[in-house]
Amino acid sequence: MKLHCEVEVVSRHLPALGMRNRGKGVRAVLSLCQQTPRSQPRAGARGDRGGPQPPCLLISTLKDKRGTRYELKENIEQFFTKFMDEGKATVRLKEPPVDICLSKANSSSLRSFLSAVRLAHRGCDIEVPLSTFTPVKTSEFEKLKTKMVITSKKDYPLSKNFPYSLEHLQTSYCGLVRIDMRMLCLRNLRKLDLSHNHIKKLPATVGDLIHLQELNLNDNHLESFSVALCQSTLQTSLRSLDLSKNKIKALPVQFCHLRELTDLKLDDNELIRFPFKMGQLTKLRFLSAARNKLPFLPSEFKNLSLEYLDLFGNTFEQPKVLPLIMLQTPLTLLESSAQAVLCNRIPYGSHIIPFHLCQDLDTAKTCVCGRICLNSFIQGTTTMNLHSVAHTVVLVDNMGGTEAPVISYFCSLACYVNSCDMLK
């Protein structure tokens, strides 16, 4: 039984001697081997050499193909398996006093291997075949595959898994109607390109790819981007997202939780609005949403600081002369409570208050003065020169315009009047 991974053997005596380990693993092959009376353990020797010997652990590297042996029976002090799903684990031995740190392993193979190691530690029989003490071949230490590009159906792997070490996977023009669940087991994946397929829905488990930085879903059949993905680990990992050429009409309010985004492509969809809190994407630098159905931009759009902006071909409306007045006097208890929750940043969720109230809080407007508006507000439309938020702006229309209508909200008549005066 073998396991391919990176290994670092750390002596627990080093700190006491004022020394540090180098802190970097090397490619290695771990084997569970059946010892014979003739085999002489090279590390942590235990037991009677004349009788039958229990299985031992053999760690072979490119520099030491014959490997170093470690006794296992009653010789393991502790297993550290908290990050096993990420292909990491540590085995702490009693003699010699070392920690065997494993990383970049296939999570399922690692789980099976450690189960066998536990049995060897307890002195139980191991049902899987054990390896022999033969030097490992150089070919077994070849660098793991980190990139795979598939651009046709005939090349798509149906009978075997994707290499677990992949960091970049592209499967374009493969006719996929859903995401292959085998892809979601690639814990090291940083770039996933599923462009030019027929995918209609994204599973929430895409959010389990904790290292995913780039996601390309260009030219598919998506109609939405789920709230679950916006609230997953993608919040802290995703940098680039391409949703061009789909059928998306709106993005959820929670989309603005993806605050690490720097590049966002939404061209050729059916978008009728941006999320209210668009301005929270403070790291966004590249935004392209050409050829959609946007009638206006949200008020927080002016908080963006972009390098490139393309909104060409949208159906922007002319600013309305008269505002929409929705003021309530006096304020309702709901309005006052919502202002208190949001202004004081009180945590809320569907496990605390009803779900529809959470939706109200998520979609609350912000007045130009900074006050929160829920149902009591004045809605006005003004124009904004897009050069105020972006260094490079693609013309909005064929007439050479770079201005677009922006919806603004005001908590009172005074704020609305002051804003009008400033615009004049």
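FYI, the numbering just counts along the sequence from 1. Computation of the quantities below employed the complete heavy-atom set of this structure, encompassing side-chain atoms and omitting hydrogens, waters and symmetry-equivalent molecules.
- With sequence neighbours excluded, the residues satisfying side chain to side chain donor-acceptor pair (under 3.5 Å) with D85 are R111.
- Residue K245 places its NZ atom among 12 or fewer non-hydrogen atoms of other residues, nucleotides or ligands, all under 6.0 Å distant.
- Residues meeting the salt bridge (charged side-chain N to carboxylate O under 4.0 Å, His left out) test with E167, sequence neighbours left out: none.
- The 12-atom threshold is not exceeded at NZ of K265, counting heavy atoms of other residues, nucleotides or ligands nearer than 6.0 Å.
- Partners of S412 according to the side chain to side chain donor-acceptor pair (under 3.5 Å) rule, which considers only residues two or more places apart in sequence or in another chain, do not exist here.
- A heavy-atom distance below 4.5 Å is found between the side chains of L114 and M84.
- Y164 places a side-chain heavy atom less than 4.5 Å from the side chain of H4.
- At distances below 3.5 Å, at least one donor-acceptor pair connects side-chain atoms of E335 with backbone N or O atoms of N375.
- Here CG of L222 is found 11.5 Å from NZ of K201. Values are rounded to the nearest 0.5 Å.
- Taking CD of E214 as the start and CG of L241 as the end, the distance is 10.5 Å to the nearest 0.5 Å.
- Enclosure of atom CD1 in I352 by more than 12 non-hydrogen atoms of other residues, nucleotides or ligands within 6.0 angstrom is indicated.
- Residue-environment remark: CZ (R92) exceeds the threshold of 12 foreign heavy atoms within 6.0 Å.
- Residues V26 and K63 fail the side-chain proximity criterion, which asks for heavy atoms closer than 4.5 Å.
- Side chains of C101 and F80 form no contact here, defined as non-hydrogen atoms less than 4.5 Å apart.
- Between the S336 side chain and the L333 main chain, no donor and acceptor come within less than 3.5 Å of each other.
- The shortest distance between side-chain heavy atoms of C358 and I353 falls below 4.5 Å.
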Checklist entry - Yes or no on side chain to side chain contact (heavy atoms under 4.5 Å, CB included) for L202 and L217, after CA distance, side-chain angles and deciding distance? => result CA-CA 10 Å; L202 299 176; L217 294 160; 3.6 Å; yes

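- Among residues two or more places apart in sequence or in another chain, the side-chain contact (heavy atoms from CB on, under 4.5 Å) test is passed with F113 by M1, L3, L30, L32, L57, V117.
- Side-chain atoms of D267 and S288 form a donor-acceptor pair, as typed in the model, at a separation below 3.5 Å.
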Next on the checklist: Between T90 and Q78, is the side chain to side chain contact (heavy atoms under 4.5 Å, CB included) condition met? List the steps.
Outcome noted: CA-CA 8 Å; T90 298; Q78 193 173 356; over 6 Å; no

Next on the checklist: side chain to side chain contact (heavy atoms under 4.5 Å, CB included) for I248 and L266? Distances and angles first, verdict last.
Outcome noted: CA-CA 9 Å; I248 299 173; L266 299 167; 5.6 Å; no

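- Interatomic distance, I272 CD1 to N269 CG, rounded to the nearest 0.5 Å: 12.0 Å.
- The number of heavy-atom neighbours closer than 6.0 Å to CZ of R118, taken from other residues, nucleotides and ligands shown, is above 12.
- Among residues two or more places apart in sequence or in another chain, the side-chain contact (heavy atoms from CB on, under 4.5 Å) test is passed with M148 by K145, I150, F162, P163, L166, L169.
- Considering only residues two or more places apart in sequence or on other chains, R291 meets the salt bridge (charged side-chain N to carboxylate O under 4.0 Å, His left out) condition with D268.
- Across every non-hydrogen atom of E403 and N385, the tightest pair is CG-CA, 4.0 Å.
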Quiz: residues 338-349 side-chain donor-acceptor pairs under 3.5 angstrom, not counting sequence neighbours:
from: Q339; atom 1: NE2; to: I372; atom 2: O; distance (Å): 3.1
from: N344; atom 1: ND2; to: A340; atom 2: O; distance (Å): 2.8
from: Y348; atom 1: OH; to: D362; atom 2: OD1; distance (Å): 2.7

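- Using a 4.5 Å heavy-atom threshold, the side chains of L327 and Y416 count as separate.
- For the pair N292 and E270, the tightest heavy-atom approach, listed with the atom from each and the gap, is OD1-N, 3.4 Å.
- Nearest approach of L311 to A289, heavy atoms of both residues: CD2-CB, 3.9 Å.
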Item to check | Stepwise side chain to side chain contact (heavy atoms under 4.5 Å, CB included) check, Y409 with M326 | outcome: CA-CA 10 Å; Y409 295 94; M326 300 283 290; over 6 Å; no

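- Each ring pair (Phe, Tyr, Trp, His ring centres under 6.0 Å) pair with one or both residues in residues 229-264, not counting sequence neighbours, appears once here: F225-F255.
- Evaluation of the side-chain contact (heavy atoms from CB on, under 4.5 Å) rule for V177 yields H198 as partners, not counting sequence neighbours.
- The number of heavy atoms from other shown groups lying within 6.0 Å of NE2 (H221) is above 12.
- Looking at residues two or more places apart in sequence or on another chain, you find no salt bridge (charged side-chain N to carboxylate O under 4.0 Å, His left out) involving D208.
- Taking each heavy atom of L374 and D360 in turn, the nearest pair found is CD1-O, 3.2 Å.
- Minimum heavy-atom separation, I100 to L93: CD1-CD1, 3.8 Å.
- When all heavy atoms are compared, the tightest approach of P275 to P298 is O-CG, 3.6 Å.
- In this structure, the salt bridge (charged side-chain N to carboxylate O under 4.0 Å, His left out) partners of R182, at least two apart in sequence or on a different chain, are D180.
- Ring orientation note: the planes of H121 and F79 are nearly perpendicular, at an angle over 60° on the 30°/60° scale.
- K88 has its side chain out of reach of L110: every pair of non-hydrogen atoms, C-beta onward, lies at least 4.5 Å apart.
- Side-chain contact between D193 and S172 is present, with heavy atoms from C-beta onward closer than 4.5 Å.
- For the atom pair L413 CG and I378 CD1, the distance stands at 5.0 Å (nearest 0.5 Å).
- In terms of the side-chain contact (heavy atoms from CB on, under 4.5 Å) criterion, residue partners of R239 (sequence neighbours excluded) are, by chain and number, Q213, E260, T262.
- Using modelled atom types, one side-chain atom of R285 and one backbone atom of S305 make a donor-acceptor pair closer than 3.5 Å.
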